[in-house]
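Presented below is the structure to which this report refers.
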Number of protein chains: 2
Amino acid sequence: MRLVAKGTLQRASRRTCRPVGGERSESAAAVSAAPWPPNSIIHGDSLVELSRLPAESVDLVFADPPYNLQLKGALKRPDESRVDAVDDAWDQFESFAAYDAFTRAWLTAARRVMKPSATLWVIGSYHNIFRIGATMQDLGFWILNDIVWRKANPMPNFRGRRFTNAHETLIWAARAPDAKGYTFNYEALKGGNEDVQVRSDWLFPLCTGQERLKDGAGRKLHPTQKPEALIARILLSASKAGDVVLDPFLGSGTTGAVAKRLGRGFIGIEREDDYVRAAQERIAAIEPLPDSALLAPPSAREAPRVAFASLVERGLVVPGTELTDAKGRVRAVVRADGTIALTGGTANVGSIHRMGALAQGAEACNGWTFWHVEQEGRRHPIDVLRARLRAEMGIAAE
Amino acid sequence: MRLVAKGTLQRASRRTCRPVGGERSESAAAVSAAPWPPNSIIHGDSLVELSRLPAESVDLVFADPPYNLQLKGALKRPDESRVDAVDDAWDQFESFAAYDAFTRAWLTAARRVMKPSATLWVIGSYHNIFRIGATMQDLGFWILNDIVWRKANPMPNFRGRRFTNAHETLIWAARAPDAKGYTFNYEALKGGNEDVQVRSDWLFPLCTGQERLKDGAGRKLHPTQKPEALIARILLSASKAGDVVLDPFLGSGTTGAVAKRLGRGFIGIEREDDYVRAAQERIAAIEPLPDSALLAPPSAREAPRVAFASLVERGLVVPGTELTDAKGRVRAVVRADGTIALTGGTANVGSIHRMGALAQGAEACNGWTFWHVEQEGRRHPIDVLRARLRAEMGIAAE
DNA sequence: AAACCGCTTGAATCCAAAC
DNA sequence: CGTTTGGATTCAAGCGGTT
């Protein structure tokens with residue numbers, strides 16, 4: 001193994017931000033001086049190098065594993081020019097069985113390195129994605145979505161014997177069915193998408209032009225370089241600034257470049273000398289975006305909880321105040337302990353949520369939006385009082 | 001077995017257009033009088049009935065097998081109404097192994113019935129499609145394309161924990177890698193698609209409204225009825241008039257209805273009484289189209305919907321860029337995820353529209369016309385950038 | 001007549017912290 | 001660990017009734 005980017009071999013394999021005490025205790029031992037988040041390319045074989053990383057240490061894995069294209073002979077365009085197909089030696093596998101064994105091995109190794117809350121992204125085409133998806137399920141990964149990358153400018157089908165192969169498939173999965181706490185920046189994504197939730201089909205152009213790395217002879221450096229925009233959406237969707245992103249098949253370094261720009265740490269593993277060198281140069285030239293463009297906005301889901309009782313304690317609601325629903329039909333009275341009592345009923349006392357549900361005959365209810373108070377002749381949901389209290393407490397309340 | 005639609009048991013299981021001499025020579029014996037193309041629903045179990053059909057007798061198979069959804073609890077919409085989930089017994093499998101065995105069995109049986117030049121279509125979601133695809137490859141099928149059905153009106157993700165599951169996947173495969181002569185109506189498809197090749201991502205709405213079959217109580221008859229437009233494109237793409245289409249999981253009979261309308265013969269197998277009866281009625285009411293109309297349906301080019309995030313992703317706006325209103329008074333900074341942050345305020349982050357509204361104290365705002373960027377000393381509304389991107393995308397957007 | 005509003009619904013692996 | 005409780009969460013279409 002040879003460590004290439006910032007840091008040394010020793011530092012790379014030993015560093016870990018929050019030691020989690022995996023199988024390799026020596027890995028988690030000397031942590032102190034290592035910069036974090038890591039920003040390193042490991043030159044070596046994925047399986048070997050993955051096994052050297054500390055267990056449960058990364059927040060997100062992105063993998064673009066080699067495809068099993070099995071192209072027989074050269075594909076030609078109608079004008080007889082040759083298509084530069086993906087037929088490098090590393091991309092040939094003797095059989096499905098060999099590919100499955102390879103897939104199972106790297107997925108298992110990657111899974112060990114994932115934190116319990118981490119998620120995994122894999123990209124592939126119909127040549128390999130079905131085998132990968134099935135293997136992921138067999139290994140216990142829990143699929144969250146499959147995502148379709150619709151290519152804005154795909155290569156046409158020259159022979160006219162099939163549909164234009166205009167997409168690739170990504171699988172997004174948690175480590176296990178019961179995995180909790182994975183990152184999904186729902187509100188941010190929605191906010192950037194005309195205020196509607198983002199769908200499972202994404203449209204991006206291929207990586208071409210200036211973005212496409214070239215070798216000395218002006219040919220494309222890597223046969224399957226992915227567009228940075230695609231990787232950026234992945235990292236912005238499913239990771240936070242400061243998280244560590246692992247790419248076991250780094251290739252031309254797109255994942256590292258995007259991670260660095262977006263303030264994520266990364267660990268990339270790559271076997272080929274040429275790719276390692278190119279990725280190193282490429283990533284070194286990246287300037288991270290300023291925090292102002294990155295830091296996560298406060299989401300309602302993550303805001304600290306405020307009990308209704310504290311509104312009463314702080315005097316924002318006086319005991320005895322009457323609450324109503326939006327239309328003023330249902331009524332309740334605020335009690336000093338922060339519970340409320342439905343008016344007219346018998347002994348219906350409880351939380352704003354329970355009583356809201358009871359009043360509607362529903363199983364559940366968000367009392368913050370159901371109940372209203374009348375102030376200055378207008379009815380406001382009590383949620384605005386909560387927002388006011390959060391603001392007073394110095395908590396960003398949106 | 002009970003034969004339901006036109007014909008009798010004997011005729012159905014013995015007929016074959018061009019006897020190909022399969023394993024069951026008695027099946028191919030008495031062919032003469034049977035009407036052709038066949039138009040029959042077989043009431044029975046797929047595996048049993050497939051094994052009774054003559055070998056190498058059908059031109060196209062369309063299969064919509066159980067998805068094995070593995071749903072846990074009930075799901076509610078934000079308004080507390082319950083989602084009518086697919087909880088039928090036929091969708092329940094004990095394990096992946098059981099589902100794989102089922103998949104392998106019906107695929108093997110279907111393959112025997114396919115002519116050497118026939119192709120197979122299967123539809124599924126991420127719950128099952130990877131397992132099906134891998135099994136198909138294992139059995140020797142040769143994948144020609146995977147096709148994405150993009151749903152125009154999918155059900156949203158109510159809890160905001162994943163991307164909207166907005167597509168399903170179809171796999172199109174030949175019987176073997178060396179299969180010759182499969183049907184692909186390239187010219188007709190292209191002619192109906194503004195003279196560009198049809199891509200692997202298709203946009204169709206769900207089957208709703210009048211097209212959706214209802215039971216006596218006005219509820220949906222079948223939980224997963226597919227839209228006829230989707231099946232029509234498949235048959236128009238990969239079969240000829242007079243071909244025989246087999247559907248081993250007929251359900252509400254969509255494949256039969258479309259096949260009859262398009263002048264294809266069909267054999268549908270279905271186990272449930274109710275579905276058989278409904279499909280029979282439905283198909284009987286279908287009037288075949290005249291030959292002259294059997295061309296590929298025109299598909300309108302969609303106007304690409306552009307989100308602000310795609311301007312950022314595509315580099316037309318760099319994260320960190322300052323936006324202002326037309327007069328340069330209100331300011332905001334563009335973030336990497338396509339949201340914007342009001343400058344000077346506390347934690348005001350959100351979409352261009354919401355932040356525009358907030359800045360004005362208005363209820364709503366069109367962020368595209370409110371916010372401006374300064375380029376070359378002049379202020380432009382960001383709408384001009386959107387127009388630019390639309391122009392770029394319009395070239396290749398479908 | 002056309003526009004508008006409200007209601008319903010669709011193959012869904014859909015929560016997390018506190019007790 | 002299981003159980004309870006707080007409280008966050010939806011988009012596009014079709015249909016029927018009303019303006």
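As the structure is a computational prediction, the values presented were derived from the model and not from experiment. In the text below, chain A, chain B and the rest are named by the order of the sequence lines, each starting its count at 1.
Ranked by how close their nearest DNA chain C nucleotide is to the 5' end, B:Arg159 and B:Pro66 are led by B:Pro66. Comparing A:Ser351 and A:Lys190 along DNA chain D, the residue whose closest nucleotide (by nearest heavy atom) sits nearer the 5' end is A:Ser351. Between B:Thr164 and A:Ala364, it is A:Ala364 whose nearest contact on DNA chain D lies nearer the 5' terminus. Take the nearest nucleotide of DNA chain C for B:Phe96 and for A:Arg305: the residue whose nucleotide is more 5' is B:Phe96.
Looking at DNA chain C, the stems built from 3 or more consecutive Watson-Crick or G-U wobble pairs, each pair with its key distances under 3.5 Å, are C:2-10 with D:11-19, C:15-19 with D:2-6.
Relative to the six-membered ring of A:Trp142, B:Lys72 meets both conditions, a distance below 6.0 Å and an angle of at most 45° to the axis. Judged by the 6.0 Å distance and 45° axis criteria, B:Arg131 is positioned over the aromatic ring of B:Phe96. Cation-pi geometry between B:Arg233 and B:Trp202 is met: the NZ or CZ atom falls under 6.0 Å from the ring centre, inside 45° of the normal.
Checking D:dT10, D:dG7, C:dC15 against every side-chain atom of A:Asn366, the shortest atom distance belongs to D:dG7.
Put simply, the side chain of A:Val334 reaches to within 4.5 Å of the side chain of A:Leu323, judged on heavy atoms.
The residue B:Asp64 sits close to a base: some heavy atom pair falls under 4.0 Å.
Ring orientation note: the planes of B:Trp90 and B:His222 are close to parallel, at an angle under 30° on the 30°/60° scale.
Contact of B:Lys226 with C:dA11 (side chain to base): a donor-acceptor pair of N or O atoms is detected under 3.5 Å. Judged by atom type and distance alone, A:Arg386 does not reach the base of D:dG7 through any side-chain donor-acceptor pair under 3.5 Å.
For B:Lys220, a side-chain nitrogen or oxygen approaches OP1 or OP2 of C:dG10 to under 4.0 Å. OP1 or OP2 of C:dA11 lies within a sub-4.0 Å distance of a side-chain N or O belonging to B:Arg212. Look at B:Gln210 and you'll find a side-chain N or O under 4.0 angstrom from OP1 or OP2 of D:dC15.
Ion pairing of A:Lys115 with A:Glu56 is absent here, as no side-chain N (NZ or NE/NH1/NH2) approaches a carboxylate O to less than 4.0 Å.
In this structure, the CZ atom of B:Arg77 is 7 Å from the P atom of C:dT9, given to the nearest Å.
Checked against the 6.0 Å centroid threshold, A:Trp121 and A:Trp172 count as a close aromatic pair.
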